[in-house]
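Reading through the structure tokens given below for one structure.
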Amino acid sequence: MTVSNDTVEKAQSTPDEKQPYVELGLKDDEYQRIHDILGRRPTDAELTMYSVMWSEHCSYKSSKTHLRYFGETMTEEMGEKILAGIGENAGVVDIGDGNAVTFRVESHNHPSYVEPYQGAATGVGGIVRDIMAMGARPIAVMDQLRFGPADAPDTKRVLPGVVSGVGGYGNSLGLPNIGGETVFDETYAGNPLVNALCVGTLKVDDLKLAFASGTGNKVMLFGSRTGLDGIGGVSVLASDTFEDGAERKLPAVQVGDPFAEKVLIECCLDLYHAGVVVGIQDLGGAGLACATSELAASGDGGMEVNLDAVPLRAENMTAAEILASESQERMCAVVAPENVEKFREICEHWEVTCAEIGEVTEGDHLVIRHQGEVVVDAPAGTIADEAPVYERPYARPEWQDELQKYQGTDKRGLVESLQKLVSSPSLCSRDFIMNQYDRYVRGNTVQSHHADAGVLRIDEETGRGVAVSADASGRYTKLDPNMGARLALAEAYRNVAVTGAKPVAITNCLNYGSPENPDVMWQFRESVHGLADAAVELSIPVSGGNVSFYNQTGSEPILPTPVVGVLGVIDDVHQAIGNNLGTVNEKEVLIALGETKDEFGGSIWQLVSAEGADKDNLNGLPPQVDMANEKRLADFFHGNDLLTAAHDVSEGGLAVAAFEMAKRAGALADAAGLGLDLDLTAVHEDAFTAAFSESASRALVATTADRADKVLARAAELGIPAAIVGETTETGALTLGGESVAISQLVEAWSATLPDLFGHAVGANSVVE
């Protein structure tokens, strides 16, 4: 993308000069449209701005036509607590008492394949700045990671770097990592998914938005200096597919400095507190090109910018390079003239570089100067908001019917099957990954790793807190994209609900293959409709999201992966329901909630039980979910003080849920300690189906014997099927249908898988929380 400087004057006098628009990702008709908008050929800087802002990553040009369905289906009642929604840097939800919470999940997939450490690290940095740009203090992060097969050579290259990047950046920022997922599948081998989520808190009155208003107001760039790293980074990498050798695209990956971002967070909060910020935008994908054009397009005027005032860390940078650089840890603010001095003082206090680079003007044009010449003169809205919107062809794939033909389930012994499940890469311990993350920093973490949802205290006086979970199943979604998206929402919603929190908002990150493939566009459209309709059925709003296309290697797309995050509010975190058995000094009774059906399509058992040529066996229909059942289940947990523990039932089924509840206390000794005696035929006549089916809208709860009848009565009042399925023992063994295995033996198998695969575990064999 390095080109010589070009001016508007020169562009007018050389209309036929050839330009590298194809190399910058623009189609012939898109380049012609830019000509028509400007009435001339674009300058090099203008071409750069249009190319990055009209990229798939920045413009949503292939997804926008379908994403509108979220707005079309949201009711007024659903949106009444949304302070900032779809289209903003992050969704913001009013949670009462003058408090608000903001959260968002963003992809950094392709950069993380090219350079795993920096790709993942700057993904965390970028999502944190999205939260900062809303006027909030970031308080926690989560991650959703997907890699190729756990034993594949390239996974050994990518996974350690990604995990180190997530931990290295988040830990340095002093933000707890409160949970996430790590999934392995062949389709992610050349295209890992690195989705980062951040949560922040703010007062309702402190909300900030990205707009430039007030003629004469100044444009202030602050944070790190602008360099050559990341030019054409996420905006280009995320808008193209990978071929063999794509890992050599190293120069396009941004380089992060978490310590600079930590200072930037505190600086921003002081600026907000001082009341000197009119509008603000972070510099992420497309860098200054995005920040200036979006601020101007969202405001009530135009903008003039002088690139000579931009602090640089490289010599002889062209205008195009300055505008497209995705150097990290930078923000752009609009400030009234009388507040500029105060703004500078605060930045100086935090030793944050800042510069006045322009001002808000009348009209609608973005005018940018470099070395005394005008290099950009274009209507700001045409850059930021008027990318072409494509009605991509979509059609149900011819292979879908064949894929949905269920080929049966290989049923084995209950204990043998449970051991195979818990030791598989799909369900084994993630401590190898989790223990590289700080989960307790800031001192407000109530639940994190091994919990159903991360739970954080946000008010030390009242104990008020939030619960957050994010989930997805690419396997379910490939079998049925509409139902797969519904199931992702249902699981995240349920994970939040079982902590006792009330779900209040949804975010998403939709990861799919090429939008130019009609099969992929059908999957995407179906998923959007499934998620939007399910949100209406749950009466919970979608507050924002992200789309990541071109996730494929060559012509092979990834499993369609709609990551869905749910935010819940809990009045007092001291009342949060945990998922560990053995927290009370008496016997506990286990009760299964919800209906268990013979549903194994897309299940983890279907995956891990396949052998030989059927190693990645996937067929049938996924579990069918009714959101009314999920709502009833959430109502059961809200304000429930009858339970000693609770766990959602999802991947691996009821037996895996029981093991996960018992493993912490049950692994303390080989021959003694907490055990479980389960008779799961109380929920289904077939013991194997009862143990491992992945039917939705279910949970496993524990209570003391004297409260069991009250728990059953509460379930009955809400119309939730419920049955006692067992009780705790002092044998240290888990008994399923008469077969027994020491829980410590299960824990040992569960703990060893990732350390054995990746060879350098740190504390991975310990059971924590």
Side-chain angles (χ1 to χ4, degrees), residues 89 125-126 128-138 173 206 208-214 216-230 254-284 286-296 299 303-315 317 319 321-323 325-361 366 368-370:
N89 283 302
V128 168
R129 289 194 304 280
D130 281 337
I131 296 305
M132 290 162 56
M134 304 310 298
R137 173 181 286 280
L173 284 181
D206 292 337
K208 297 291 182 291
L209 299 174
F211 65 90
S213 66
N217 282 347
K218 304 303 180 183
V219 180
M220 307 296 293
L221 178 65
F222 63 112
S224 296
R225 292 175 175 268
T226 299
L228 292 167
D229 54 310
Q254 309 92 324
V255 178
D257 180 351
F259 300 105
E261 181 131 327
K262 172 59 178 171
V263 173
L264 189 60
I265 292 172
E266 303 304 327
C267 181
C268 282
L269 292 169
D270 273 4
L271 291 169
Y272 301 152
H273 182 72
V276 297
V277 173
V278 175
I280 192 163
Q281 175 71 292
D282 71 300
L283 273 72
L288 199 57
C290 176
T292 55
S293 61
E294 288 194 348
L295 280 168
M303 184 184 291
E304 287 196 5
V305 173
N306 179 12
L307 297 183
D308 297 337
V310 174
L312 305 177
R313 60 169 179 253
E315 296 181 354
M317 290 183 68
E321 290 170 334
I322 296 170
L323 288 165
S325 169
E326 293 180 6
S327 293
Q328 298 292 286
E329 293 87 38
R330 298 179 298 159
M331 305 286 284
C332 197
V334 177
V335 180
E338 63 271 21
N339 291 326
V340 168
E341 183 177 351
K342 182 64 174 177
F343 187 99
R344 290 185 185 276
E345 288 176 1
I346 293 172
C347 287
E348 183 177 353
H349 170 77
W350 288 104
E351 298 182 355
V352 169
T353 300
C354 78
E356 180 183 321
I357 65 168
E359 68 177 37
V360 180
T361 60
L366 175 61
I368 300 177
R369 291 181 169 82
H370 185 231

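All values below come from the heavy atoms of this structure, side chains included, with hydrogens, waters and symmetry mates left out. These figures come from a predicted structure and were not determined experimentally.
Between the CD1 atom in I357 and the CZ atom in F222 there is a gap of 11.0 Å [rounded to 0.5 Å]. The distance from atom CD1 of I280 to atom CG of L271, rounded to the nearest 0.5 Å, is 7.0 Å. From H349, atom NE2 reaches atom CD of E351 across 9.0 Å, with rounding to the nearest 0.5 Å. Here the CG-CG distance, from L283 to L288, works out to 5.5 Å after rounding to the nearest 0.5 Å. Taking CG of L228 as the reference point, atom OG of S325 lies at 7.0 Å (rounded to 0.5 Å). The line from CZ of R129 to CE of M134 is 15.5 Å long, rounded to the nearest 0.5 Å.
Across all non-hydrogen atoms, the minimal contact from V219 to V360 is CG2-N, 4.5 Å. Minimum interatomic distance between P138 and A136 (heavy atoms only, all atoms of both residues): CD-O, 3.5 Å. Taking each heavy atom of I346 and A274 in turn, the nearest pair found is CD1-CB, 3.6 Å. Closest of all the heavy-atom pairs between L173 and P258 is CD2-O, 3.2 Å. The shortest heavy-atom contact between E261 and G125 is OE2-O, 2.8 Å. Nearest heavy atom pair, residue F211 against residue V334, reads O-CG2, 4.0 Å.
K208 places none of its side-chain heavy atoms less than 4.5 Å from the side chain of M132. The shortest distance between side-chain heavy atoms of F343 and V276 falls below 4.5 Å. In this structure, the side chains of I265 and V128 come closer than 4.5 Å at one or more pairs of heavy atoms. Here the side chains of R369 and D308 are not in contact, with every heavy-atom distance at 4.5 Å or above. Under the 4.5 Å side-chain criterion, counting only non-hydrogen atoms from C-beta, V352 is in contact with L264. Here the side chains of C347 and T353 are not in contact, with every heavy-atom distance at 4.5 Å or above. Between S327 and R313, the closest side-chain pair of non-hydrogen atoms falls below 4.5 Å. The closest side-chain heavy-atom distance from L312 to M317 is below 4.5 Å.
Applying the side-chain hydrogen bond (donor to acceptor under 3.5 Å, both in side chains) rule to E294 yields the partners Q281; only residues at least two apart in sequence or on another chain are considered.
For the pair Q328 (side chain) and E326 (backbone), a donor-acceptor distance under 3.5 Å is present. Side-chain N or O atoms of T361 include one that pairs as donor or acceptor with a backbone N or O of M303 at under 3.5 Å. With hydrogens and angles disregarded, a donor-acceptor distance shorter than 3.5 Å links the side chain of S293 to the backbone of A289. Side chain of D257 to backbone of A260: a donor-acceptor contact under 3.5 angstrom is found.
E266 has a carboxylate O that lies under 4.0 Å from a charged side-chain N of R137, or vice versa, which qualifies the two as a salt bridge.
With 3.5 Å as the limit, one finds a donor-acceptor pair spanning the side chains of R330 and T226.
The 12-atom threshold is exceeded at NZ of K262, counting heavy atoms of other residues, nucleotides or ligands nearer than 6.0 Å. Residue E341 qualifies as open at atom CD: its count of foreign heavy atoms under 6.0 Å is 12 or below.
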Determine, step by step, whether V335 and V278 satisfy the side chain to side chain contact (heavy atoms under 4.5 Å, CB included) criterion, reporting the C-alpha distance in whole Å, the side-chain angles of both residues, the deciding distance to 0.1 Å, and the verdict.
CA-CA 6 Å; V335 180; V278 175; 5.9 Å; no

